[in-house]
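To keep things clear, I will list the structure first and then write my remarks on it.
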Protein chains: 2
Amino acid sequence: MQLRIIPKSAAGTDALRARGKRLTRPRRLILDLVRSTDAHPSAALVYREVRRHLPRVSLATVYRNLRMLAAEGLLSERADAGGTRFDGNTDPHDHFTCVACGRIYDVPPPAARRVSPRAAVRPGFEVHGQRIEFYGRCDACRRGSTRDRRRNYARAKPQGH
Amino acid sequence: MQLRIIPKSAAGTDALRARGKRLTRPRRLILDLVRSTDAHPSAALVYREVRRHLPRVSLATVYRNLRMLAAEGLLSERADAGGTRFDGNTDPHDHFTCVACGRIYDVPPPAARRVSPRAAVRPGFEVHGQRIEFYGRCDACRRGSTRDRRRNYARAKPQGH
DNA sequence: CTAATTGCAAATTATTTGCAGCCCC
DNA sequence: GGGGCTGCAAATAATTTGCAATTAG
């Protein structure tokens, strides 16, 4: 697995061009923003950030680009209570969702996993990949040292047991 | 109207009463329906089924009850592209999502997992539970022997890599 | 009885789409 | 220069809420 110190928008840019996609200002900015954070932002949050640099960009453009960039494999999407969140880290990795504040943290996958993807989930099933979802309380919430920041990312209910 | 005799509804019923919750007809039916299937139905699907027995029930009631039953731990919720789905199986288990048809299958957890919940996800983090999400093609789709049934449950995009 | 629950309709929130004009390659 | 992109506004889709009437215990 490679480290995530990617010169922001460089990588992927070519992949887009090859596909006949243009590299517009809003598009580049959206890609850079999502890639530069580990906060798994919602479309609305990306929108707010984008507008700090390009105030005329519309929410529709943000949605269109996020959707397209995910389809091209430059980002990934995560369905979450309260809306879709986007992840600039496309390497296989797991997540930890804090049931108190709703934040989602990345968790590097154990070295072992790649070697043993539980092969026969069910007979005849073809497993392309897997991901572990952990849930619990993050360090900050455990100490009660932080306020609920769910507002930033929409309420993130726990995803079940 | 006809009351099916459903053994499963017994459990949990008391838990509700203890909490001062009433056991209304719509409520009992909703609980039974979700518990009697492994299709991880959406609120809309539950609604359609409920109305086959109680035609006057409103969608709002279905939502209110699903939400409440999940909060009481009698069901669990799963955020999914296109909307929340509900799962009557509250035992720890994993899921397999077919990227072709969107169906979600239950996968029993390996015996080993309970013993080694990857403890230190991050320092200071308190892990309450975990769940593996597999994705790939199910047997039916692999053989091309079935049609896309996503209509039944809303489009279920893969959840990222 | 009487508080919890419901049906209905209207309100919110998340996301998508149609279209005329703009701007990358 | 021309087709992909964009902004805007209006359209959908998913979910929630206010409230008077209903009903379980």
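Order of the sequence lines fixes the chain letters, A, B, ..., with proteins taken first and strands second; residue numbering starts at 1 for each chain. Because the structure is a prediction, the values reported are computed rather than measured.
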Please report, rounded to the nearest Å, how far the C1' atom of dT16(D) is from the CG atom of Leu66(B).
-> 13 Å

Side-chain heavy-atom pair Val57(A), Leu54(A) within 4.5 angstrom cut-off | yes

Confirm from the modelled atom types if Arg25(B) and dA24(D) form a donor-acceptor pair under 3.5 Å, side chain to base only.
-> no

Which of these nucleotides, dC8(C), dT2(C), dC5(D), is closest to any side-chain atom of Lys21(A)?
-> dC5(D)

Can you tell me how far the CD1 atom of Ile104(B) sits from the CZ atom of Arg78(B), to the nearest 0.5 Å?
-> 4.0 Å

Hey, can you tell me if His93(A) and His40(A) have their rings parallel, tilted or perpendicular (30° and 60° cut-offs)?
-> tilted

Is there side-chain contact between Ile30(B) and Val62(B), with at least one heavy-atom pair below 4.5 Å?
-> yes

Does some side-chain heavy atom of Asp87(A) sit less than 4.5 Å from a side-chain heavy atom of Asp106(A)?
-> yes

What about Arg17(B): does its side chain form a donor-acceptor pair under 3.5 Å with the base of dG25(D)?
-> no

Should Ser42(B) be listed as having a side-chain N or O under 4.0 Å from OP1 or OP2 of dA14(D)?
-> no

Flag for Tyr47(B)-Arg51(B): side-chain donor and acceptor within less than 3.5 Å = yes

Atom-pair distance (CG on Leu45(B); C1' on dA13(D)), nearest Å = 16 Å

Could you pick out which residue, Thr24(B) or Arg51(A), lies toward the 5' side of DNA chain D when each is mapped onto its nearest nucleotide?
-> Arg51(A)

Tell me: CZ of Arg27(B) to P of dG7(C), nearest whole Å?
-> 11 Å

Classify the side chain of Arg56(A) and the base of dG7(D) as holding, or not holding, a donor-acceptor pair under 3.5 Å.
-> no

Whole-Å distance separating the CZ atom of Arg85(A) from the C1' atom of dT15(C) | 17 Å

Atom CG of Asp80(A) and atom P of dA14(C): how far apart are they, to the nearest Å?
-> 12 Å

Nearest whole angstrom, please: distance from the C1' of dT16(D) to the CE of Met68(B).
-> 16 Å

Within the sub-3.5 Å range, which N or O atoms of nucleotides 17-22 of chain C have a protein N or O partner, and how far apart are they?
from: dG18(C); atom 1: O6; to: Arg64(A); atom 2: NH1; distance (Å): 3.3

Which of these nucleotides, dT6(C), dT15(D), dC25(C), is closest to any side-chain atom of Thr61(B)?
-> dT6(C)

If you pin Val57(B) and Gly20(B) to their nearest nucleotides in DNA chain C, which one's is more 5'?
-> Gly20(B)

When rounded to whole Å, the CG to P distance for the pair Leu59(B) and dA9(C) reads 13 Å

Interatomic distance where NE2 belongs to His53(B) and P belongs to dT6(C) [whole Å] | 17 Å

Under 6.0 Å between the ring centres of Phe125(A) and Phe96(B)?
-> yes

If you pin Tyr63(B) and Asn65(A) to their nearest nucleotides in DNA chain D, which one's is more 5'?
-> Asn65(A)

